[in-house]
Structure formats: structure tokens, C-alpha cells
Amino acid sequence: MTTSEIAPVAAGESDRASFRAGPVDEESRERLAANGLEYRRVAVDGDDYADWLQSAARGFQDGERSPEQVAASRERSGYRRVTGVYDPLAPVAQAPVATIASWIGDLTVPGAAVIPSCAISSVTVSPTHRRRGIARAMLEGELRATRDAGVPVAMLTVSESPLYGRYGFAPAASATAWTIETKRAAWIGPRPAGRVDFIPRDRVRELMPVLHERVRHRTAGEIDIAGSFWDMFAGTNPAAERTGEKRAIQYADASGEVRGAAVYAVRENESDFTKGTVSVHHLVAETDDAYAALWRFLLELDLVAEVQAQNLSLDEPLLWMIADQRAARITVRDHQYVRIIDVAAALETRRYGAAGRLVLEVSDPLGFATGTYVLDVDASGAGRVRRVDEGESVDAVVLSLGIAELSATYLGGVSVATLAAAGRVDVRDAGGAASTRSEAVATASSVLGWHTAPRLSIWY
Ligand SMILES: CC(C)(COP(=O)(O)OP(=O)(O)OC[C@H]1O[C@@H](n2cnc3c(N)ncnc32)[C@H](O)[C@@H]1OP(=O)(O)O)[C@@H](O)C(=O)NCCC(=O)NCCS
């Protein structure tokens, strides 16, 4: 199955701008107003933004932002639709009691295509106002605004796992966190012919977004990354602290073309100078050689006993580049959450693991996607979706599932077989094409599957 003919379809800037400037959802506005609360958008360049940012920071139990940090955030947040909930009776009424931010991003899906997806972030409700339905009003409101803008998918990363399933989100791409004992690991991977060099932080700030743009379409789960994130990784945000500890390197191939870069910091071990710890803040590699050269550099640093890295994939080649795989302690967690809003648009954008026909009986707690659909996947892996007419019978394997479960499969991060074994999906054969349930499960798994694990390299 080839993916070369698939053109990524990104959201246009005008769609993004009108979503940013669009109104808050009327249903949620009325619901909050009935409880004496005001739900409104906040202009990033306006007077209300500083208070909004302070409330969001406090909501995450973080410290107060300095004037420099507020200014740096304001300068870098123009891409966000920013919304607050205000309590006019609070002693500091200009400080929102709840915050949320969103923007239309590009989500890479299986087959190297991208789909416009609403990223949701900065969800906080003040401890003084918690458990009164404010988060629910904001989440439902942003999802309805997303639907109204014609954006077929929403996505987020989470502070706590149990929060978002009730709105139809599911973990669709896992992240792995690695701690590698460097003395034990022993590099057995390639030793590419190019060179690794130190570069200034402002140079890596320029390089990383360019490299990311070249690679993000290859991996389901990745998104387009705003400038503020690159400043954070590179330590080039003027308001950031302890930037001096960040070290930046690049890999250039034998022809001198830069193919990868990384930013890391070393924490000294005061009781044993030979046992420092490296934290890899971000590593982006356009080629296998760049990947190998950068990781080898990090694992072979002198005076370092441990390398730590976050947000790696479930199937990192790195594991096969060290002689002792037990030198790496790897923990897996839910990371990129996805919520399909428009089933046909979402499913027709991704590619599939095998040709076949499935019927999807989808239930959706918010009603956006509820319905019965037929997915027909052709030999090229492209899918066509239509709704099943009332009374129509379709000869195919039938999956009965919630929108969260369908969303969980969307990036190829979990198989139907796993979800069926977990009791999260009901699979049956309506037409007799598969003679046993396990054959029906196998068919559905191979159609909805994908050959590489999805990954998202940032937390947003
Ligand atoms: C998480 C948070 C936003 C919830 O806000 P809230 O206004 O208290 O939530 P709501 O009252 O709207 O609750 C909505 C639902 O989520 C559930 N819920 C809320 N917080 C929860 C938690 N920490 N764990 C599990 N469920 C939770 C509620 O029981 C409720 O369930 P239901 O509507 O299905 O009955 C708020 O506690 C907060 O700001 N936490 C700290 C910051 C944070 O972690 N934000 C999330 C970033 S991803």
C-alpha cells in the first residue's frame, strides 16, 4: 500500500482565524449564566489576558507569572482562541474562575495525511468553583464550536486520565518515558558518516521547526507545533528561567545538510561527578542516520550515568540500538487524546491496514456522531463512508462502539481485537462473511489497523 499519492489537507489560515474570533457556544453561555457566571472570549492582545494567564497558572498549581512572562506569553499566544468564565460576585471579579484555550491544528493520521483538529488546552477551574459543572460546560461548548466550524476532530493531552472520556475523547497515541543507564546500554546501532556539532540555542530554535515540518506528516499523532513550544525547548523564550543549562546539537549528513537536532540538559550528581543525568528536552531527526547519531551522542556522553527522555514512541528503534535492552526502563502512558466529531470526514481522511467492509454502529454521549455507518476500504487503503439507511441490511462485520472507542482506533494505536477483549467494543458478523466471532474481530482489526505506532512528541 503506497502513501505517496496522498496530499495532506491542512486547515487554512482563514479557517483558523475565524475559529479564533468566533463566539462562545450559546448553549453553554446560557447554562453558565443561569448560575450567575459569565462565559466569554478573551483577546490575547487585550487588557484581560494577564488575569486570564494568572488564573490558568494558578489552576495548574503553578506560580504567579512575572510581567516578563506575561508579555512573552501574550506575544506567542496569538494563535489561540482564549476563553474564560467569570464570577461577578468574586472579590477579584476580573480574574476568571475557569479557563480554556483552543486552536485548529493539523493532526497527522495513518497514511501521511493530516486533518484539521481542534486542540484544547489550559482547561482549569478554580478550586473555589470546582465540581459545579463548569468544566463540562466549557468542554461541551468548545466541542460544539468545533463542530459548528466544520472541524471534524478534537484533540488534547491531559493532566489526569479520567477527565475526558465522558466527552467522547480517548487515548489514541501512547507516549513512552525512558530512563537509560548509559554505562550498561552499550551502543550497537549504526555509526553514521555525518557529524554532530554543538550549535547556539537560537540556531536550534530556527532548525527544529523546519525539521519538524519535514517529518510530522510521517507519523500519525503528530501535530503542527506553534513557535512558543520551540522557544520552550530551545530556551529562547526571554522570560524562561535556567536556559543556560540547555545544550543544543545538530547532525549534518556527509553532504553537510542538517538532518536532525536535539536539546538536552545535564544535571550534575553532587556525590559522584561521574554520574550526571541527561534530560532530553526534544530530539527531531529527519533521517535514520540523524536519529542514530544524535542518540549515540547522548548515550555516550562522559560523566553521565543516565539519560531520560519523554514522549517517545511505543516502538522506538533506539531499543534495538543498545546491546542491553534492560538498560532502558520504559513506562507507557496515555498521551494524545482524540475525539472524532464528524465520522465520515475523519474516517475518509486516514488510510487503512487492509481492504474490507465494516459497519460501525456508533453511540455518542454528545450526539455529534451517533449513527450507523458503512466503511468501505479499497485495495489502496482508502476508505469511503456513508450512513446506513433506515431498514437497510449490509453484509459485513458489525462493530458496535462508543465514539471514544472509535476515536481510540483512529491513529492505529490500539487494535479492535484489544478493545473487543477488553469488552469495549462489540463485534459480530451480520452477513456471514466471517464464520466465527474471532474471524470477525480479526477482519475488523486488520481493516482499522496500521503498521506503525502513532506518536506525539510534545505535551500541549
Ligand atoms: C479538572 C477540572 C478542570 C474539573 O473542573 P470542574 O469544573 O470541577 O469539573 P465539572 O464539575 O464540570 O465536572 C465534570 C465531570 O468531570 C468529573 N471530574 C471532575 N474532576 C475530576 C477529576 N479530577 N477526576 C475524575 N473526574 C472528575 C466530574 O465528576 C463530572 O462528572 P460528570 O459530569 O460525568 O458527572 C478542575 O478540577 C481543575 O482545574 N483541575 C486542575 C487543573 C487540571 O488538571 N486541568 C485539566 C487539564 S487537562
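All heavy atoms count here, side chains included; hydrogens, waters and symmetry mates do not. Residue numbers run from 1 in the order of the sequence given. Both counts, for ligands and for their atoms, begin at 1 and track the order of listing.
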Starting from [atom], which protein heavy atom do you reach first, and at what distance in Å?
atom                    : answer
atom 11 (O) of ligand 1 : G133 N, 2.8 Å
atom 12 (O) of ligand 1 : R136 N, 2.9 Å
atom 31 (O) of ligand 1 : R166 NE, 3.1 Å
atom 25 (C) of ligand 1 : P162 CB, 4.0 Å
atom 36 (C) of ligand 1 : R131 NH1, 4.0 Å
atom 39 (O) of ligand 1 : V125 N, 2.8 Å
atom 42 (C) of ligand 1 : G59 O, 3.4 Å

Any nitrogen or oxygen of [X], main chain or side chain, under 3.5 Å from a nitrogen or oxygen of ligand 1?
X    : value
S159 : yes
V123 : yes
R132 : yes
E160 : yes
A135 : yes
Y167 : no

Side chains of [X] and [Y]: do they bring a donor and an acceptor to under 3.5 Å?
X    : Y    : result
D202 : T236 : no
E245 : Y264 : no
S457 : E222 : yes
H212 : R214 : no
Y337 : S407 : no

Hey, are [X] and [Y] close enough for a salt bridge, meaning a charged N less than 4.0 Å from a carboxylate O?
X    : Y    : value
D48  : R40  : yes
R386 : E392 : yes
R31  : E140 : yes

Self-check item: Interfacing atoms of ligand 1 (cut-off 4.0 Å, heavy-atom, R130)
Solution: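 That gives atoms 8 (O) of ligand 1.
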Review point. Which ligand 1 atoms does F60 reach within 4.0 Å, using its non-hydrogen atoms?
Key: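 Matching atoms, with element in brackets: 42 (C), 43 (C), 45 (N), 47 (C).
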Measure L163 to ligand 1 on non-hydrogen atoms and call it side chain, backbone, both or neither using the 4.0 Å cut-off.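 Only the side chain of L163 comes within reach of ligand 1.
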Handout entry: Which segment of Y164 sits under 4.0 Å of ligand 1 when only heavy atoms are counted
Key =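 The answer is the side chain of Y164.
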By the salt bridge (charged side-chain N to carboxylate O under 4.0 Å, His left out) test, which pairs, at least two apart or in different chains, include something from residues 72-82?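 Qualifying pairs, neighbours excluded: R76-D231, R81-E142.
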Can you give the donor-acceptor pairs under 3.5 Å from side chains of residues 89-100 to other protein atoms, not counting sequence neighbours?
| from | atom 1 | to | atom 2 | distance (Å) |
| --- | --- | --- | --- | --- |
| T99 | OG1 | S122 | O | 2.8 |
| T99 | OG1 | T124 | OG1 | 2.6 |

Next on the checklist: Strictly less than 4.0 Å: does any protein heavy-atom distance to atom 9 (O) of ligand 1 fall in that range?
Outcome noted: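 Given the 4.0 Å cut-off, atom 9 (O) of ligand 1 counts as touching protein heavy atoms.
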Is the NZ or CZ atom of R350 positioned over Y352's six-membered ring, under 6.0 angstrom from the centre and within 45° of the axis?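 Judged by the rule (NZ or CZ under 6.0 Å from the ring centre, within 45° of its axis), R350 counts as positioned above Y352.
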